[in-house]
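Here is the structure we will look at.
Count residues from 1 along the sequence. Bear in mind that the values here come from a model prediction, so they are computed numbers and not experimental data. Remember, it's 1-based here, ligands and their atoms both numbered in the order they're listed.
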Amino acid sequence: MKYVSTKGHSPPTNLLTALTEGIAPDGGLYLPELFPTLDSTTLHRMKGLPFSEVSRIISQHLLGGELQSKNLDELIHESLNFTTPLCEYQKDIFGLELFHGPTLSFKDVGARFLAHLLDFLRDKDDQPLYILVATSGDTGSAVAQGFFDKEGIQTVILFPSKGVTPLQESQFATLGGNVHALEVSGTFDDCQRLVKSAFLDHELNKKIKLGSANSINIGRLLPQIFYYFHAYGQLSADRETLFSVPSGNFGNLTAGLIAKRLGLPVRGFTAATNINDTVPEYLNTGLVRPRKSVPTISNAMDVGDPSNLARIEYLYQNDLANIRRDIVGSVHSDEETRACIRKVYESTGKILDPHSAVGYLGIKSGISRFGPGPSVFLMTAHPIKFRETVEQETNCVMTVPESISSALSSKRQVVPIGPNVSELREFLLGQPQSRQKHQSNFQEAN
Ligand SMILES: *Cc1c(COP(=O)(O)O)cnc(C)c1O
């Protein structure tokens with residue numbers, strides 16, 4: 001399978017190049033060249049299968065040309081070693097729990113798969129790869145954990161100072177080793193802009209090899225397709241499903257659109273956002289107005305200029321009417337989100353994190369546009385990650401799972417930088433000595 005750029009001015013490329021470049025030379029984002037439809041027998045075979053099995057079938061379908069099936073098995077076994085259960089909230093309304101990975105966020109799915117895939121495909125004798133990632137919280141933790149200790153890969157996490165929770169920060173800033181945390185005095189959009197300019201900086205790219213692990217990376221999108229099929233596999237009925245996707249950069253939703261393209265029976269999608277509503281506004285008005293992000297209680301979705309909109313437009317050939325046939329927008333304030341957490345807790349005893357609550361709220365718009373039937377909202381984070389908000393609304397006291405509490409007391413190691421490219425360059429170019437050392441140690445060890 002070749003990968004093409006959404007801008008169409010770069011030649012189709014192979015998977016490894018698409019994974020390491022992250023962004024295409026023409027500034028576009030990579031997508032598979034083809035979306036081969038799954039036959040209905042294969043689709044039905046997924047009913048009742050565990051997440052790992054469903055992932056094996058879809059990855060075989062998409063990546064079978066690049067990796068042998070025993071390698072794919074190993075990849076999935078190592079990276080997707082948790083599950084994505086579906087839980088019923090009301091008749092025909094289900095939450096898809098995507099937060100059972102090591103950082104309790106759905107981003108573990110994409111980040112771990114990408115890290116293992118890159119590790120698998122890369123030539124170990126190559127020069128070190130610098131993975132650059134902008135994060136508003138969850139990406140940083142998931143990527144840091146996914147890439148930690150991967151040979152020949154340095155991971156650089158850019159995060160907005162004051163923009164992430166202490167728990168999130170503890171998950172990427174305490175690892176050390178090949179994981180570097182850069183605290184940017186600015187917003188998430190500044191971090192994202194810095195990463196983009198580093199990739200477009202020809203001088204810098206001549207000196208060091210950069211790679212990306214943001215949701216622009218196709219290696220993160222691909223495994224996210226798997227859990228849409230796993231959701232379908234867990235539904236007893238064979239009716240078309242509505243998916244309500246709490247969205248920020250829109251990678252998650254894009255993966256759903258691809259799943260539909262591959263043959264998943266879908267009624268429609270809700271693009272559910274907090275008040276950072278660039279995409280819902282576009283769906284309503286046809287105008288794309290990127291803007292500064294506004295802070296909310298669902299901070300992982302505070303994105304004013306969502307990169308994956310380029311992929312959505314490409315998938316629908318820039319035809320807004322076509323996009324509207326599949327996606328409806330739904331915008332929710334912090335007040336609504338808080339009220340939703342309260343209401344769901346009172347009526348079901350279940351606790352939603354603020355992002356999942358936005359997804360839950362989006363079901364209503366989805367049903368009014370696409371009609372009744374099985375409806376799944378994607379649950380993108382464990383409520384403990386947004387403990388303060390959740391405890392306020394439910395009056396519950398939550399305990400931090402043992403698996404992540406130890407990081408909270410570990411020592412943070414961060415490097416502060418200003419919101420400008422030159423400081424980022426300086427940091428990256430200040431690394432070569434340790435890189436050389438790393439390399440020679442590595443050779444000696446071999
Ligand atoms: C990143 C994130 C989102 C948004 O996902 P996108 O793919 O960027 O739209 C939603 N919820 C949580 C908890 C996240 O970490």
inquiry  = Under 3.5 Å, is there a donor on one side chain and an acceptor on the other for His230 and Thr84?
reply    =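 His230 vs Thr84: donor-acceptor pair found between side chains.
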query = Between the side chains of Asn274 and Asp302, does any donor sit under 3.5 Å from an acceptor?
reply =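 Looking only at side-chain atoms, Asp302 and Asn274 do form a donor-acceptor pair, the distance falling under 3.5 Å.
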How far is [atom] from the closest protein heavy atom, and which atom is that?
{"atom": "atom 12 (C) of ligand 1", "value": "Thr380 OG1, 3.3 Å"}
{"atom": "atom 15 (O) of ligand 1", "value": "Lys107 NZ, 2.5 Å"}
{"atom": "atom 4 (C) of ligand 1", "value": "Gly248 N, 3.5 Å"}
{"atom": "atom 8 (O) of ligand 1", "value": "Asn249 N, 2.8 Å"}
{"atom": "atom 5 (O) of ligand 1", "value": "Phe106 CZ, 3.4 Å"}

query = Is any side-chain heavy atom of Tyr30 closer than 4.5 Å to a side-chain heavy atom of Leu19?
reply =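 They are not in side-chain contact.
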Check ligand 1 against [X] and write out every atom of the ligand that is under 4.0 Å from a heavy-atom position of the residue.
{"X": "Pro246", "result": "4 (C), 10 (C)"}
{"X": "Ala381", "result": "13 (C)"}
{"X": "Asn252", "result": "7 (O)"}
{"X": "Ser247", "result": "9 (O)"}
{"X": "Gly251", "result": "6 (P), 7 (O), 9 (O)"}
{"X": "His355", "result": "11 (N), 12 (C), 13 (C)"}

inquiry  = Tell me whether ligand 1 is touched by Phe99 - counting only heavy atoms on the residue side and a distance under 4.0 Å.
reply    =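 False for this residue.
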query = So with a 6.0 Å cut-off around NZ of Lys7, is the heavy-atom count from everything else above 12?
reply =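 It does not: Lys7 NZ has 12 such atoms or fewer within range.
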inquiry  = Can you confirm whether more than 12 heavy atoms, excluding those of Lys364, are under 6.0 Å from its NZ atom?
reply    =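 Open: at most 12 neighbouring heavy atoms sit under 6.0 Å from NZ of Lys364.
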query = Would Phe377 and Tyr89 count as a close aromatic pair, with their ring centres under 6.0 Å?
reply =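 When the ring centroids of Phe377 and Tyr89 are compared, they turn out to be within the sub-6.0 Å range.
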task = Would you check the N or O atoms of Ala300, main chain and side chain alike, for any that come under 3.5 Å of an N or O of ligand 1?
result =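 No, no N or O pair falls under 3.5 Å.
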task = Looking only at non-hydrogen atoms, find the nearest pair between Ala272 and Gly362 and report the distance.
result =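 Closest approach of Ala272 to Gly362: CB-CA, 4.2 Å.
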message = So does Gln171 get a backbone contact from the side chain of Gln145, meaning a donor-acceptor N/O pair under 3.5 Å?
response =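 Side chain of Gln145 to backbone of Gln171: a pair is present.
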ask   = Any sub-3.5 Å donor-acceptor pair from Ser375's side-chain atoms to Gly373's backbone N or O?
value =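 Answer holds: yes.
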